[in-house]
Undergrad: 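Structure in structure tokens, see below.
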Amino acid sequence: HAKEKRNRSSFFTDYLKQKTLYKQRLLNDLQVAIDEQQFFLVYQPQFNLTAMQLTSFEALIRWQHPELGQVTPDDFIPLTESSQLIIPLGEWVLQQACEDALHWPESINVAVNVSAIQLEYSDFGEAIENTIRSTGLARKRLELELTESSIMNNSERNMAILEAFRASGGRIAIDDFGTGFSSFSYLHSFPLDKLKIDRSFIQLLSAELGDNSAMTIVNSIVKLGIALELQVTAEGIETEAQHQHLKSLECQLGQGYFYAKPMTAAQLHTFIPNSTSQ
Ligand code: C2E
Ligand code: CA
Ligand code: CA
Ligand code: CA
């Protein structure tokens, strides 16, 4: 029994050690990765669920590590945040995504994830202005996805930046809605266009309509969105049943593997109406 316990704990510490080493390696390699541009963007479409019309592409970052292969953003974004490397990296994402969007029809928006660190510790307003100026992208085509945590900070400075962006035509979405320390107070004070219901709720939507608390939560968020005149996107839709559920709940927008996985910029043309190549 004691031996089994020891084995189990050494298995666990080995696992932790490996994971820590892996993270250390990633952290070490990040600066070089930025300098050598080992990153690229993939795009995942969002659709209007009633007409199944393409409304936007969300930019998602990928790291092609020369030795470790593709590293998931869930592993390296937190490291770029603690080291503040997310600031130059985030500016690159913004610039690249806006450049790519210039190749798409004007009706298709581009959504960019923005870390709370960018907002808090860089001149984010200026980064946006620079990008808009250098790319010439129409502001109304740019949608920033912020998490609740970056909004809850609610500093006057951040508010002013986001308000100015939105007043000049830009769009703002709350990402992972429902998973943070949701507070309804910011919903009426914050300049906002869209709520994105986190994948974790969508995954819990089951086919049976019985006692399903995820269903109630999703339903409530959709209703809240309608009442506040916000758009609502369900992310992480994987099945026909989830798709039907969300349609029946009158959720306007959807995104997920059921429709399309994230694709490279070059692969997008198959999704863009009346387009043969980029
Ligand atoms: P997120 O913003 O919530 O993005 C949605 C994630 O769910 C993406 O993972 C996407 O590929 C994945 N996904 C989409 N549809 C489905 C589905 O049907 N099923 C499942 N299982 N997954 C689905 P990804 O690309 O690995 O990104 C993970 C997170 O990393 C993102 O979550 C976002 O928070 C962060 N991230 C990605 N790119 C950037 C970026 O450029 N800047 C910042 N700050 N964060 C980023
Ligand atoms: Ca997002
Ligand atoms: Ca995010
Ligand atoms: Ca999410």
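We're numbering straight along the sequence, starting at 1. Numbering of ligands and ligand atoms starts at 1, following listing order. Not measured: the values here are computed from a predicted model.
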Undergrad: Apply the test side-chain hydrogen bond (donor to acceptor under 3.5 Å, both in side chains) to residues T135 and E99: give CA-CA distance (whole Å), side-chain angles for both, the deciding distance (0.1 Å), then the verdict.
TA: CA-CA 6 Å; T135 61; E99 279 175 23; over 6 Å; no

Undergrad: Tell me whether L268 shares a hydrophobic cluster with F40, the cluster being built from Ile, Leu, Val, Met, Phe, Trp, Tyr side chains joined at under 4.5 Å.
TA: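 L268 and F40: separate clusters.
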
Undergrad: Below 3.5 Å, N or O to N or O, backbone or side chain included: is there any such pair between Q118 and ligand 1?
TA: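 No: no nitrogen or oxygen of Q118 is under 3.5 Å from one in ligand 1.
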
Undergrad: Heavy-atom contacts with G256 under 4.0 Å: which atoms of ligand 1 show up? List them by number with element.
TA: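 Listed by number with element: 15 (N), 18 (O).
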
Undergrad: Suppose we only allow N, O or S atoms; which atom of E235 ends up nearest to the Ca ion (ligand 4)?
TA: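 Output for this pair reads OE2.
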
Undergrad: What do the steps show when you test D35 against Q31 for side-chain hydrogen bond (donor to acceptor under 3.5 Å, both in side chains), and what is the final call?
TA: CA-CA 6 Å; D35 296 342; Q31 184 65 60; 3.2 Å; yes

Undergrad: Can you list the atoms of ligand 1 that are under 4.0 Å from a heavy atom of D74?
TA: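 Listed by number with element, the hits are 28 (C), 29 (C), 30 (O).
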
Undergrad: Consider side chain to side chain contact (heavy atoms under 4.5 Å, CB included). Of I108, D100, V42, which one does F57 pass it with?
TA: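 Passing option: I108.
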
Undergrad: Is there an N/O/S atom in D176 at a distance below 3.0 Å from the Ca ion (ligand 2)?
TA: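 No - counting backbone and side chain alike, D176 has no N, O or S atom under 3.0 Å.
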
Undergrad: Say whether G90 and ligand 1 are in contact under the criterion: heavy-atom distance to a ligand atom below 4.0 Å.
TA: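 False for this residue.
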
Undergrad: Could you tell me if K19 sits above the aromatic ring of Y22, with its cationic atom closer than 6.0 Å to the ring centre and no more than 45 degrees from the axis?
TA: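 Here K19 fails the 6.0 Å and 45° test against Y22.
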
Undergrad: Can you tell me which portion of L89 lies within the under-4.0 Å heavy-atom range of ligand 1? Options are side chain, backbone, both, or neither.
TA: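 For L89, there is no contact with ligand 1 at all, from either part.
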
Undergrad: Quick one: do V112 and L102 end up in the same hydrophobic cluster if we chain Ile, Leu, Val, Met, Phe, Trp and Tyr together by side-chain heavy atoms under 4.5 Å apart?
TA: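 In one cluster with V112: L102, yes.
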
Undergrad: Report the distance from atom CG of L162 to atom CZ of R157, rounding to the nearest 0.5 Å.
TA: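 Rounded to the nearest 0.5 Å, the CG-CZ separation comes out at 10.0 Å.
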
Undergrad: Is it the case that ligand 1 has an N or O less than 3.5 angstrom from some N or O of E145?
TA: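 No; every N/O pair is 3.5 Å or more apart.
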
Undergrad: Can you tell me if Q255 has a non-hydrogen atom under 4.0 Å from ligand 1?
TA: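 Judged by the 4.0 Å heavy-atom criterion, Q255 does not count as contacting ligand 1.
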
Undergrad: Examine ligand 1 and decide if any of its atoms is less than 4.0 Å from a heavy atom belonging to E58.
TA: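 Yes, that is the case, since the closest heavy atom of the residue is under 4.0 Å from the ligand.
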
Undergrad: Which of the atoms of ligand 1 are close to I237, meaning less than 4.0 Å from one of its heavy atoms?
TA: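 Taking each heavy atom of I237 in turn, ligand 1 has 18 (O) under 4.0 Å.
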
Undergrad: What part of D175, side chain, backbone, both or neither, has a heavy atom within less than 4.0 angstrom of ligand 1?
TA: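 For D175, the contact with ligand 1 is made by the side chain alone.
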
Undergrad: If we set the cut-off at 4.0 Å for heavy atoms, which region of K196 has an atom near ligand 1: side chain, backbone, both, or neither?
TA: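 It is neither part, as no heavy atom is under 4.0 Å.
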
Undergrad: Using a strict 4.0 Å cut-off to heavy atoms of D176, name the atoms of ligand 1 that fall inside it.
TA: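 What qualifies from ligand 1 is 3 (O).
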
Undergrad: Under 4.5 Å between side-chain heavy atoms, hopping through other hydrophobics if needed: is there a path connecting L60 to I272?
TA: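 In one cluster with L60: I272, no.
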
Undergrad: How does R199 reach ligand 1, if at all, at less than 4.0 Å between non-hydrogen atoms: by side chain, backbone, both, or neither?
TA: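 It is the side chain that gets close, since no backbone atom is under 4.0 Å.
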
Undergrad: Can we call the ring centroids of F258 and F47 under 6.0 Å apart?
TA: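 Centroid distance F258-F47: not below 6.0 Å, so no.
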
Undergrad: Scan E235, K194, E58 and name whichever one has a side-chain hydrogen bond (donor to acceptor under 3.5 Å, both in side chains) with Q46.
TA: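 Only one option passes, and that is K194.
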
Undergrad: Report, in ascending order of atom number, the atoms of ligand 1 lying under 4.0 Å from any heavy atom of S115.
TA: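 Counting atoms of ligand 1 from 1, those under 4.0 Å from S115 are 44 (N).
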
Undergrad: Does atom NZ (K23) have a neighbourhood of more than 12 heavy atoms from anything else shown, all under 6.0 Å?
TA: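 Atom NZ in K23 is packed in, count exceeds 12.
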
Undergrad: If the cut-off is 3.0 Å, does any N/O/S atom of D175 fall short of it from the Ca ion (ligand 2)?
TA: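 Of the N, O and S atoms in D175, at least one lies under 3.0 Å from the Ca ion (ligand 2), which means yes.
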
Undergrad: For atom 15 (N) of ligand 1, which of E238, E235, Q96, Q44 has the closest heavy atom?
TA: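 The option holding the nearest heavy atom is Q44.
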
Undergrad: Between CD of Q44 and OG of S56, what distance do you get to the nearest 0.5 Å?
TA: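 It comes to 10.0 Å.
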
Undergrad: Indicate, with yes or no, if I202 and Y257 share a hydrophobic cluster defined by side-chain heavy-atom contacts under 4.5 Å among Ile, Leu, Val, Met, Phe, Trp and Tyr.
TA: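 No, it is not one cluster - the side chains of Y257 and I202 are not joined through contacts under 4.5 Å.
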
Undergrad: Answer side chain, backbone, both or neither: which part of L60 comes under 4.0 Å from ligand 1, heavy atoms only.
TA: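 Looking at L60 and ligand 1, atoms from backbone and side chain both fall under 4.0 Å.
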
Undergrad: Roughly how far apart are L253 CG and Q53 CD, rounded to 0.5 Å?
TA: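 That separation rounds to 10.5 Å.
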
Undergrad: Enumerate the atoms of ligand 1 whose separation from the nearest heavy atom of V93 is less than 4.0 angstrom.
TA: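 Atoms satisfying the 4.0 Å criterion: 41 (O).
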
Undergrad: Which of the N/O/S atoms in D198 sits closest to the Ca ion (ligand 4)?
TA: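 Atom name returned: OD1.
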
Undergrad: What N, O or S atom of E145 is found closest to the Ca ion (ligand 2)?
TA: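 It is OE1 of E145.
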
Undergrad: Among the N/O/S atoms of E58, which is closest to the Ca ion (ligand 2)? Give the atom name.
TA: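 Atom name of the closest N, O or S in E58: OE2.
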
Undergrad: Counting from 1, what ligand 1 atoms have a heavy atom of P262 closer than 4.0 Å?
TA: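 Listed by number with element: 11 (O).
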
